[in-house]
Amino acid sequence: MVKALTFLTSTAAAVLFSFSVQATTLDDAAIMAIFDQANMADITTARLGLKKAQAPEVRALARMVLTDHEAVQQMGRDLAKKQGIVALPPDGDTSLTAQAEAYARLQAKSGGEFDRAYLAHEVAFHQGVIDAIKESLLPAIADPEFKALVTKVLPGFEHHLAETKKVAAHLGMN
């Protein structure tokens, strides 16, 4: 589990921090793209969790994550439309490739092995998102409404992290 968690942590970090390779070029358009992609990545992974998870607690977690991230993604898209922010990924963004690789690794697993890998991925992913929001994204957002939205949803990411850790502990997978 430690080896898998370390690998998935580096994968999640690669997904998130590939967005901010050039932190000096982060503007609201780039951050909106990062925000949208982070939500899409977890929506996609949660759908896989619903499909493949063995433990009912893991399926319930995936359902919660899916529902929450779909709502947050829509809030971001609605705000972008309202504010005229066109989401444009930063130069050199490799997040889609990294997400596809993480998804393929999860998809190749089944049963309890999938559950363990999924939980490890979710812990790493949410920790990476939380760190990116606090350290890079929030300080760089110029639009006050966009900053307020990201600030508002940050506790949701923290809740997902706590719930994932709780499910892993309950199942003896931490």
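The CG atom of Asp115 sits 7.0 Å away from atom CG of Leu171, with the distance rounded to the nearest 0.5 Å. If you take NE2 on His121 and OG1 on Thr45, they are separated by 4.0 Å, rounding to the nearest 0.5 Å. To the nearest 0.5 Å, atoms NZ (Lys52) and CG (Leu106) are separated by 8.5 Å. Between the CD atom in Gln83 and the CG atom in Leu149 there is a gap of 10.5 Å [rounded to 0.5 Å]. Here the CG-CD distance, from Leu96 to Gln37, works out to 4.5 Å after rounding to the nearest 0.5 Å.
For Thr164, the side-chain hydrogen bond (donor to acceptor under 3.5 Å, both in side chains) test picks out no residue, with sequence neighbours left out. Every residue meeting the side chain to side chain contact (heavy atoms under 4.5 Å, CB included) condition with Asp78, not counting sequence neighbours, appears here in chain and number order: Gln74. Residues meeting the salt bridge (Lys or Arg N to Asp or Glu O under 4.0 Å) test with Asp36, sequence neighbours left out: Arg77. A search for side chain to side chain contact (heavy atoms under 4.5 Å, CB included) contacts involving Lys166 returns Glu163, not counting sequence neighbours. With sequence neighbours left out, the salt bridge (Lys or Arg N to Asp or Glu O under 4.0 Å) criterion links Lys165 to no other residue.
The hydrophobic cluster containing Met75 also contains Ile133, counting ILVMFWY residues as joined when their side-chain heavy atoms lie under 4.5 angstrom apart, directly or transitively. Grouping the Ile, Leu, Val, Met, Phe, Trp and Tyr side chains by contacts below 4.5 angstrom, directly or via other members, places Val72 with Leu138. Clustering ILVMFWY residues whenever any of their side-chain heavy atoms sit less than 4.5 angstrom apart, transitively, puts Met173 in the very cluster that holds Val167. Note on Ile130 and Ile31: same hydrophobic cluster, where clusters join Ile, Leu, Val, Met, Phe, Trp and Tyr whose side-chain heavy atoms are under 4.5 Å apart, directly or indirectly. In terms of hydrophobic clustering, with Ile, Leu, Val, Met, Phe, Trp and Tyr side chains grouped at heavy-atom distances under 4.5 Å, Leu79 and Leu26 are assigned to a common cluster.
Across every non-hydrogen atom of Ala168 and Leu119, the tightest pair is CA-CD1, 3.9 Å. Minimum interatomic distance between Ala29 and Ile85 (heavy atoms only, all atoms of both residues): CA-CG2, 3.9 Å.
The ring-ring contact (aromatic ring centres under 6.0 Å, His included) analysis of residues 38-93, with sequence neighbours excluded, yields the pairs His69-His126, His69-Phe157, His69-His160. Applying the ring-ring contact (aromatic ring centres under 6.0 Å, His included) test to pairs two or more places apart or on separate chains, none has a residue in residues 72-102. Judged as a side-chain hydrogen bond (donor to acceptor under 3.5 Å, both in side chains), the pairs with a partner in residues 144-154 (not counting sequence neighbours) are, in order, Lys82-Glu145. A ring-ring contact (aromatic ring centres under 6.0 Å, His included) check over residues 80-104, counting only residues at least two apart or in different chains, returns nothing.
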**Request:** Verify side-chain contact (heavy atoms from CB on, under 4.5 Å) between Asp42 and Glu122, making sure each step is shown before the conclusion.
**Result:** CA-CA 8 Å; Asp42 218 22; Glu122 287 298 292; 2.6 Å; yes

**Request:** List the steps and the verdict of side-chain contact (heavy atoms from CB on, under 4.5 Å) for Val150 and Ile141.
**Result:** CA-CA 9 Å; Val150 175; Ile141 297 173; 3.7 Å; yes

**Item:** Residues Tyr118, Leu48; criterion side-chain contact (heavy atoms from CB on, under 4.5 Å); working and verdict
**Value:** CA-CA 9 Å; Tyr118 176 76; Leu48 185 63; over 6 Å; no

**Message:** Using the rule given for side-chain contact (heavy atoms from CB on, under 4.5 Å), can you reason through Gln99 versus Met40, listing the C-alpha separation, both sets of side-chain angles and the distance that settles it, and then say yes or no?
**Reply:** CA-CA 10 Å; Gln99 171 59 21; Met40 181 51 72; over 6 Å; no

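The closest side-chain heavy-atom distance from Pro90 to Ile34 is below 4.5 Å.
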N/O donor to acceptor pairs below 3.5 angstrom from side-chain atoms of residues 56-63, sequence neighbours left out:
from, atom 1, to, atom 2, distance (Å)
Glu57, OE2, His170, NE2, 3.3
Arg59, NH1, Ala53, O, 2.9
Arg59, NH1, Gln54, O, 2.9

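Although no hydrogens or angles enter the test, the distance criterion places a donor-acceptor pair under 3.5 Å between the side chain of Asn39 and the main chain of Phe35.
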